[in-house]
Amino acid sequence: MIWLDITDPKYVLFFRGLIPMLETLDLVLVTTRANQGYSECQRLLEMFGIKAYKIGGYGGGTKLGKYQARLQRENGFLNLFETLGAIPRLFISGASVEGMQCAFGLGIPIINFADTPIAGHTFSLDRITILSRLTLPLSSLVFYPFVVPKICYTSMGVDEKNCIPYHFIDVALWLKDLKPSQDFRAKYAMNLSLPTILFREEEYKAHYVKEKLPVIYESITLLSQNLDANLVIMPRYGSEELKEQFGTLQNVYILEDKLEPSEFYPYIDLLIGGGGTMNLESCYLGIPTISTRSLFLFHDIFLLENKLMDHAQSAQEVLELAKQKLRHFDPNQPRNLSFQSHLFEQEPAGFEKIYRTIEDFLSSR
């Protein structure tokens, strides 16, 4: 049995293509987490028809809450294995501290997909994230994208031969064949003659984010007052607080449903993002993108250096950049995505090489 613990939405999209390949090697057990205000991952798994056992929830923004949630999940894993009557022979994950520590304690080899080892964009031991410190030293193999330096992994005790780069950026895996589907603007009765701006909050409860910056929230208010546009907010943790703050503003829409990328990316004209994955997705698709992140990671520098993204530090700066990006908007012109494959894919994005490495690893044990 091969065990995957998928704990955030990005890794649902990432592992979706690997799971059928792993099923040729052994039975695949998928676990996830969900609770009130943090169900996006579970909803995505359900959307794609991936059966997963819900074990525990998200611990929130405090250290105490995170640690309590990890302990509860580890105990939940043990109960699940007892119920199933089997211990997995391989563990795979992208960001699960509790999964990796449980696997290590049970002597299960660990394959770690790690793309954010450093809370910054230059290597320094003091910038290694808490998650990395708690997981990388336990890993049997580490796969990582080419934009991150290998020293970020070897510095945590992983043998160089077990640190394996893949030569594409993750988002290309699930976006390379993107084609427009149902237009989400019609579902929310938006004015199709106006440009559409999508806002995505920063993952401010994440271990590597030190503070919740107000820039993106101030920008929503400022743009509502100064731009004639559809302003769409895609919540990160829940919608209630956002409804209270922005629900009465003109032309502001707060998404309640989980949408597939094909339902919204082909129909937006600008993304303003505080996070990482959706900024990468938008840039890969050639959509104008403004970042309001509180820190730069290696991926952010890649986007900035290749002039795929702008960064704003104030709401006024967001407004000026938004006006500039939308100055040629014409509702009568069809939207055409411009895939940046030449930058994101040093080799075609796919799991073939990764799968063969995992297959060889299993057969050698």
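Remember, predicted model here, so these are calculated numbers, not experimental data. Computed over heavy atoms, backbone and side chain alike; hydrogens, waters and symmetry mates excluded.
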K.L.:
Has the side chain of S282 got a donor or acceptor atom that lies under 3.5 Å from a matching backbone atom of M278?
P.N.:
no
K.L.:
For the atom pair CG (L13) and OG1 (T277), what is the distance rounded to the nearest 0.5 Å?
P.N.:
8.5 Å
K.L.:
Establish whether Y265 and L303 are linked, either directly or via other cluster members, by ILVMFWY side-chain heavy-atom contacts under 4.5 Å.
P.N.:
yes
K.L.:
Ignoring hydrogens and angles, tell me if any N or O in the side chain of R43 forms a donor-acceptor pair with the backbone of D257 under 3.5 Å.
P.N.:
no
K.L.:
Output all residues satisfying side-chain hydrogen bond (donor to acceptor under 3.5 Å, both in side chains) with Y355, sequence neighbours left out; order by chain, then residue number.
P.N.:
T24
K.L.:
Would you say that F246 contacts L231 through its side chain, given a criterion of any heavy-atom pair below 4.5 Å between the two side chains?
P.N.:
no
K.L.:
Any non-hydrogen side-chain atom of P266 less than 4.5 Å from a side-chain atom of L337?
P.N.:
yes
K.L.:
Which residues satisfy the ring pair (Phe, Tyr, Trp, His ring centres under 6.0 Å) test with F15, sequence neighbours excluded?
P.N.:
Y11, F113
K.L.:
Under 3.5 Å, is there a donor-acceptor pair between the T357 and E359 side chains?
P.N.:
no
K.L.:
I want to know whether F302 and F344 have ring centres closer than 6.0 Å.
P.N.:
yes
K.L.:
Does R16 make a cation-pi contact with F48, if we ask for NZ or CZ under 6.0 Å from the ring centre and within 45° of the axis?
P.N.:
yes
K.L.:
Any donor-acceptor pair under 3.5 Å linking the side-chain atoms of E347 with those of H167?
P.N.:
no
K.L.:
Can you tell me if R33 uses its side chain to pair, donor with acceptor, with the backbone of T7 under 3.5 Å?
P.N.:
yes
K.L.:
Compute the ring centroids of F143 and Y166, then answer whether they are less than 6.0 Å apart.
P.N.:
no
K.L.:
Look at the side chain of E263 and the backbone N and O of E260, then say whether any donor-acceptor pair between them is shorter than 3.5 Å.
P.N.:
yes
K.L.:
Please determine, by modelled atom types, if T122 and R127 share a side-chain donor-acceptor pair under 3.5 angstrom.
P.N.:
yes
K.L.:
Distance-only, no hydrogens or angles: does the Y153 side chain make a donor-acceptor pair with backbone N or O of A114 under 3.5 Å?
P.N.:
yes
K.L.:
Taking the side chain from T135 and the backbone from L131, do they hold a donor-acceptor pair closer than 3.5 Å?
P.N.:
yes
